Visitor: 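Provided herewith is a single structure, encoded as structure tokens, for subsequent inquiry.
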Number of protein chains: 2
Amino acid sequence: MDGTGQNRQKAGQAAPPKRRKSPKGEERREQILQAAMRQFADDGYQNASFAAIAQEVGLSLPGLIHYFPTKVDLLLAILERRDLESVKVLGGPDLSWRALLSALVEVVQANTHIPGVVRTFAILNAESLTRDHPAAGWFGNRVRSVSLSLSQTLQRGIESGEIRPDVDARALAAELISMMDGLQMLWLRAPDAIDMVAIFRAYVDRLIADIALG
Amino acid sequence: MDGTGQNRQKAGQAAPPKRRKSPKGEERREQILQAAMRQFADDGYQNASFAAIAQEVGLSLPGLIHYFPTKVDLLLAILERRDLESVKVLGGPDLSWRALLSALVEVVQANTHIPGVVRTFAILNAESLTRDHPAAGWFGNRVRSVSLSLSQTLQRGIESGEIRPDVDARALAAELISMMDGLQMLWLRAPDAIDMVAIFRAYVDRLIADIALG
DNA sequence: AAAAATACCGATTACGCGGTAGGTTTAACA
DNA sequence: TGTTAAACCTACCGCGTAATCGGTATTTTT
């Protein structure tokens, strides 16, 4: 009816989404999301086949559509779920800048154990740069939000006198994001050929040495 | 008949590719390559329409096929051309490491003036991470080659005593490539919001300060 | 001027795609 | 236990796709 698939809810949090039942259904949803992530990771969103995702979980195409009315809805469901997970990582605005940088290294470390997920989001991230891509808004918001979060923490470090005052917090935030994303792409092309964690850790260590005061 | 479109020539350089004639034809080829780059930049390779490229240069689909027998041939032609251009940038293996890093900054600087080209290759680079992508080999070779070139130059710097001996040249090469590619993606998402050149230059300056001896 | 390659086009084909129409079976709940 | 929604399926549709067939007109070379 609406064609946008945005009709889930708007701001409710614990509100049970209308009425929902079957345990089997929830299990299926989970399977579908997993399968879709796999196929998006392999082929990208545009090139992946909605019907092939259905097949992977043993459904017909209309069977899949019963759960996700359009391909876009399925994509958005994957992104939405990622939102919930990633809140906790950069969560506190009360984190010290050193702790934040450590947390970033840990994120990279953790990512090496879930190459599938990393691949999915790296592919979608890049693909979302193309015209009218349905994930463009999500990735745009995400980069804005992460960037803001990083630069605020760095800025607090500057104001508290722990970081050299001539550092550009916003530029440094962009630099960190770029390095992480760039490394991911290199790593995805040849996971065994480069040690993503070691490289990123070395980079961050140098960065800390460069900007720390005292 | 061969279906691969690889039948142009194999190693000849000045050898006129069999026999070629019309000036009009060469002009058309040029238009086609430009149009294709534009559309690949907008929509990616997979999602771009071969026929739409034909239309943009005022040809029917069979008319386009006269010049490039398949869509893959067109893609490879674009990549091939880029090869010729990019040789000169990192050309000499007799370049000093400082000169090389300066050259990288200049490349980034120059790239800000050709966002279309940057976009094309950034999009294709990311897209080539998907399964069976026709550009995968090209980008794989490219990253290998650039990486090797960078790390060799850095290694020479180490051996000549200009760079600290505890530096990992290969890791640093990967880091540089990651930073450039990551920055490009961030920049493409919001060209006016970030100063790619300033960020990269600041990064390189810190890097030099960190690894230089004496 | 003759021969031959180049530079195209209209019509068509085979196929995969996302999505719909209209149903039947299965399971939850009162 | 009856009602109702969830959980699916078969068959189908319209569309866009890359690519082919079989030409004709133009240009270049001999």
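Here is how names work: the chains are called A, B, and so on, in the same order as the sequence lines, proteins then strands, and each is numbered from 1. These figures come from a predicted structure and were not determined experimentally.
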Visitor: Taking the side chain of B/Ser60 as heavy atoms from C-beta outward, which of D/dA19, C/dC8, C/dC9 is closest to it?
Guide: C/dC9
Visitor: Strictly by modelled atom types, are B/Glu56 and B/Gln39 linked by a side-chain donor-acceptor pair under 3.5 Å?
Guide: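 B/Gln39 and B/Glu56 do have a side-chain donor-acceptor pair below 3.5 Å.
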Visitor: Which nucleotide, D/dA7, D/dA19, C/dT6, lies nearest any side-chain atom of B/Thr70?
Guide: D/dA19
Visitor: What is the separation between atom CG on A/Leu59 and atom C1' on D/dT10, rounded to the nearest whole Å?
Guide: 14 Å
Visitor: Nearest-Å distance, CG (B/Asp73) to C1' (D/dA18)?
Guide: 12 Å
Visitor: Would you please indicate if the ring centroids of B/His133 and B/Tyr45 are separated by under 6.0 Å?
Guide: yes
Visitor: When you measure from the centre of the six-membered ring of A/Tyr67, is the NZ or CZ of A/Arg28 closer than 6.0 Å and no more than 45° off the axis?
Guide: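 Ring-cation test returns no.
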Visitor: How many Å lie between CG on A/Leu61 and C1' on D/dC9, as a whole number?
Guide: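 Going from A/Leu61 (CG) to D/dC9 (C1'), I get 11 Å.
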Visitor: Under 4.0 Å between a side-chain N or O of B/Tyr67 and OP1 or OP2 of C/dC8?
Guide: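 It does, given that an N or O in the side chain of B/Tyr67 lies less than 4.0 Å from OP1 or OP2 of C/dC8.
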Visitor: Side-chain N or O of B/His66 less than 4.0 angstrom from OP1 or OP2 on C/dA7?
Guide: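 Answer yes for this pair, as a side-chain N or O of B/His66 is under 4.0 Å from OP1 or OP2.
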Visitor: Indicate whether OP1 or OP2 belonging to D/dA6 is found under 4.0 Å from a side-chain N or O atom of A/Arg28.
Guide: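 The answer is no; no side-chain N or O of A/Arg28 sits under 4.0 Å from OP1 or OP2.
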Visitor: B/Ile65 CD1 to C/dC9 C1': how many Å, rounded?
Guide: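 Distance, rounded to whole Å: 12 Å.
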Visitor: In whole angstroms, how far is the C1' atom of D/dC8 from the CD atom of A/Gln31?
Guide: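 So the CD-C1' distance, A/Gln31 to D/dC8, works out to 14 Å.
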Visitor: Closest to the A/Pro62 side chain: C/dA21, C/dC9, D/dT20?
Guide: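 Between C/dA21, C/dC9, D/dT20, the one nearest the side chain of A/Pro62 would be C/dA21.
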Visitor: Around atom CZ of B/Arg170, are there more than 12 heavy atoms from other residues, nucleotides or ligands closer than 6.0 Å?
Guide: no
Visitor: Pull out every residue in residues 124-139 of chain A that has a heavy atom closer than 4.0 Å to any atom of DNA chain D, ordered by number, or say none.
Guide: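 Contacting residues: none.
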Visitor: Applying side chain to side chain contact (heavy atoms under 4.5 Å, CB included), run through A/Phe40 and A/Ile123 and close with a yes or a no.
Guide: CA-CA 8 Å; A/Phe40 290 166; A/Ile123 294 281; over 6 Å; no
Visitor: Return yes when atom CZ of A/Arg201 has more than 12 non-hydrogen atoms of other residues, nucleotides or ligands closer than 6.0 Å, and no otherwise.
Guide: no
Visitor: Using whole Å, report how far CG of B/Leu64 lies from P of C/dA7.
Guide: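 From B/Leu64 CG to C/dA7 P: 13 Å.
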Visitor: Starting at atom CZ of B/Phe68, determine the distance to atom C1' of C/dC8, rounded to an integer number of angstrom.
Guide: 15 Å
Visitor: Heavy-atom distance under 4.5 Å between the side chains of B/Leu101 and B/Leu176, does that happen here?
Guide: yes
Visitor: Which parts of residues 40-55 of chain B get close to DNA chain D, meaning a heavy atom less than 4.0 angstrom away?
Guide: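 Nucleic-acid contacts, sorted: B/Ala48, B/Ser49, B/Phe50, B/Ala51.
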Visitor: Between B/Thr120 and B/Gly116, is there a donor-acceptor pair closer than 3.5 Å when you use the side chain of the first and the backbone of the second?
Guide: yes
